[in-house]
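Take a look at the structure below.
The basis for the numbers below is simple: all heavy atoms, side chains too, and nothing from hydrogens, waters or symmetry mates. Just so it is clear, the structure is predicted and the values come from calculations on it, not from any experiment. Residue indices begin at 1 and follow the sequence shown.
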Amino acid sequence: MRVSVFTEPHRGASYDDQLRFARLVEAAGYEGFLRADHYQAMGDDPGLPGPTDAWLTLAALARETERIRLGTLVTSATFRLPGPLAVMVAQVDQMSGGRIELGIGAGWYAREHTSYGIPFPAIGERFDRLAEQLEVLTGLWSTPLGETYSFTGDHYQLVDAPALPKPVQVPGPPIIVGGRGPKRTPDLAARYATEFNMPFKSVAETSGAYDRVREACARTARAESGRPPLVLSAGIVVAIGRTDAEAQRRAAPLHEKSALPPEDPVVGSPAQLVQRIGEFAEIGTTRVHLRMTDLSDLDHLELIAAEVLPQLDGAR
């Protein structure tokens with residue numbers, strides 16, 4: 001089981017907070033540090049000192065870490081044009097020595113778009129744009145050196161793009177597509193992704209999502225095309241403590257009003273988290289992203305590293 005940490009800096013974290021956390025993620029033996037890509041907190045708390053841009057942050061962390069995987073869960077396709085995004089991600093992949101992963105989705109939080117003047121089309125168009133972005137990103141990265149790339153879609157048009165710079169990872173950084181959507185999300189994951197992620201839901205709901213993705217892989221003849229099987233991952237919200245009182249203290253932010261959909265957190269002991277990860281492993285999960293709410297709570301990170309990671313086969 002591969003274990004990464006997922007954070008939400010829009011809740012309130014400076015770059016220095018994230019750097020301190022990411023360095024401990026690396027020292028404690030986790031596989032990766034992934035962060036949300038949001039420009040606004042989702043509750044009444046303003047999330048001081050304010051948002052940090054995901055890709056600016058990851059570029060800096062790429063130079064300040066040595067081993068851990070770095071990426072987004074997930075970048076919103078509404079935030080950036082696909083051509084510049086391909087350049088950005090490839091450059092950060094170079095800066096990290098080939099440790100970058102791009103989680104990308106259609107975008108969903110209307111309030112931050114309104115706040116910062118970002119267009120927010122209807123959901124059907126957002127998924128259309130996501131599909132075109134995935135085609136452009138993979139097309140640019142896989143274009144051979146010395147050749148150009150062109151694309152004509154309903155929303156994006158590229159003409160003779162030099163398709164540079166190239167990422168270190170070939171044919172490109174791993175792409176993570178995830179979510180609860182029953183139709184288009186599984187198809188996009190099957191066609192373009194390296195990893196499918198089901199975020200923060202129950203084992204039963206996650207198993208159903210995996211079945212839909214497996215069916216989409218069969219429809220798109222993914223195996224016959226020679227592409228490797230999708231990595232199946234799960235997000236888990238965690239509030240772990242040595243005592244019940246400690247776990248409940250860490251769970252307190254989960255009870256605050258938020259725009260997030262209902263989740264299925266693990267609140268309790270390290271043994272309970274080990275059990276939940278084992279249940280996910282039984283349905284085919286090979287990677288988990290543990291969502292920790294407070295980036296200043298380094299003890300939470302260390303507790304899970306000491307009491308949970310050693311009990312998981314293959315965890316780094």
Side-chain angles (χ1 to χ4, degrees), residues 4 6-10 32-39 51 53-59 62 69-93 96 99-110 112-113 118-121 123-142 149 151 153-156 158 167 169 171-181 183-200 209 213 216 220 222 227 230-235 287 289 291:
S4 292
F6 169 66
T7 63
E8 296 179 313
H10 57 274
F33 173 93
L34 290 91
R35 56 154 288 167
D37 186 8
H38 284 293
Y39 288 130
D53 182 83
W55 286 100
L56 282 175
T57 300
L58 293 171
R69 307 289 301 175
L70 298 166
T72 51
L73 274 180
V74 294
T75 280
S76 174
T78 57
F79 287 174
R80 302 168 185 89
L81 297 171
L85 179 60
V87 171
M88 191 182 307
V89 176
Q91 180 182 351
V92 181
D93 196 51
S96 71
R99 294 183 285 122
I100 290 299
E101 304 184 15
L102 171 63
I104 186 167
W108 65 273
Y109 189 34
E112 65 186 337
H113 292 75
I118 303 169
F120 189 69
I123 188 169
E125 181 178 332
R126 295 202 308 275
F127 268 95
D128 291 342
R129 287 178 177 272
L130 173 60
E132 290 190 17
Q133 288 215 1
L134 287 164
E135 181 68 30
V136 169
L137 289 162
T138 54
L140 285 168
W141 290 336
S142 62
Y149 175 80
F151 174 81
D154 292 332
H155 303 286
Y156 307 106
L158 287 77
Q169 299 176 91
I175 291 176
I176 305 171
V177 170
R180 293 167 286 275
K183 296 180 180 179
R184 298 195 69 178
T185 297
D187 284 340
L188 291 174
R191 291 180 185 279
Y192 296 105
T194 307
E195 175 178 332
F196 171 79
N197 175 256
M198 182 62 165
F200 318 124
V213 169
T220 59
R222 181 185 175 106
R227 298 183 62 205
L230 268 175
V231 172
L232 299 177
S233 71
R287 189 184 196 190
H289 301 278
R291 193 182 96 198

Using modelled atom types and a 3.5 Å cut-off, is there a donor and acceptor pairing between side-chain atoms of R227 and backbone atoms of A193?
yes
Is any side-chain heavy atom of W108 closer than 4.5 Å to a side-chain heavy atom of I123?
no
Where is the tightest heavy-atom contact between R35 and F6, given as atom of each residue plus distance?
C-CE1, 3.6 Å
Is the side chain of E101 donor-acceptor paired with the backbone N or O of I176 at a distance under 3.5 Å, no angle test?
no
At their closest point, which heavy atom of D37 faces which heavy atom of V74, and how far apart are they?
CB-O, 3.4 Å
If you measure from CZ on R184 to CG on L130, what distance do you get to the nearest 0.5 Å?
8.0 Å
All side-chain contact (heavy atoms from CB on, under 4.5 Å) counterparts of P121, not counting sequence neighbours
E125, R126, R129
I need the minimum non-hydrogen distance between N197 and G235, along with the two atoms involved.
ND2-N, 3.6 Å
Judged by atom type as modelled, is there a donor-acceptor pair below 3.5 Å linking the side chain of T72 to the main-chain atoms of G103?
yes
Going by the side chain to side chain contact (heavy atoms under 4.5 Å, CB included) test, name the single residue among T75, I100, L58 that passes it with V89.
I100
Minimum heavy-atom distance G172-P167, with the two atoms named:
CA-CG, 3.9 Å
Please report the shortest heavy-atom distance between P9 and A36, naming the atom on each side.
CD-N, 4.3 Å
Rounded to the nearest 0.5 Å, what's the gap from CG on L188 to CZ on F196? Could you check?
11.0 Å
Side-chain contact test, heavy atoms from C-beta onward, threshold under 4.5 Å: evaluate it for L102 versus W55 and give yes or no.
yes
Would you tell me whether E112 and H38 have side-chain atoms, one donor and one acceptor, within less than 3.5 Å of each other?
yes
Does the side-chain contact (heavy atoms from CB on, under 4.5 Å) test come out yes or no for Y39 and I118, once each step is laid out?
CA-CA 11 Å; Y39 288 130; I118 303 169; 4.1 Å; yes
How would you list, by chain and number, every residue that makes a side-chain contact (heavy atoms from CB on, under 4.5 Å) with P186, sequence neighbours excluded?
R212, V213, A216
Would L134 and I175 count as a side-chain contact (heavy atoms from CB on, under 4.5 Å) here? Give the steps.
CA-CA 9 Å; L134 287 164; I175 291 176; 3.9 Å; yes
For R80 and L85, work out which heavy atoms get closest and say how close.
CD-CD1, 3.8 Å
The reported gap from OG in S233 to CG in L73 (rounded to nearest 0.5 angstrom) is 7.0 Å
Who pairs with F33 by ring pair (Phe, Tyr, Trp, His ring centres under 6.0 Å), at least two apart in sequence or on another chain?
none
Only counting residues at least two apart or in another chain, list the ones meeting ring pair (Phe, Tyr, Trp, His ring centres under 6.0 Å) with Y149.
none
Candidate pair R69 and E195, rule salt bridge (charged side-chain N to carboxylate O under 4.0 Å, His left out), full reasoning:
CA-CA 14 Å; R69 307 289 301 175; E195 175 178 332; over 6 Å; no
Take V92 and L70 through the test side-chain contact (heavy atoms from CB on, under 4.5 Å) and record every step on the way to the result.
CA-CA 10 Å; V92 181; L70 298 166; over 6 Å; no
Verify, without hydrogens or angle tests, whether E132 (side chain) and G153 (backbone) share a donor-acceptor contact under 3.5 angstrom.
no
Would you say W141's side chain and A86's backbone share a donor-acceptor pair under 3.5 angstrom?
yes
Residues at least two apart in sequence or cross-chain that pass ring pair (Phe, Tyr, Trp, His ring centres under 6.0 Å) with H113, listed by chain then number, are F79, F120
Tell me, please, which residues at least two apart from T194 pass side-chain contact (heavy atoms from CB on, under 4.5 Å).
P174
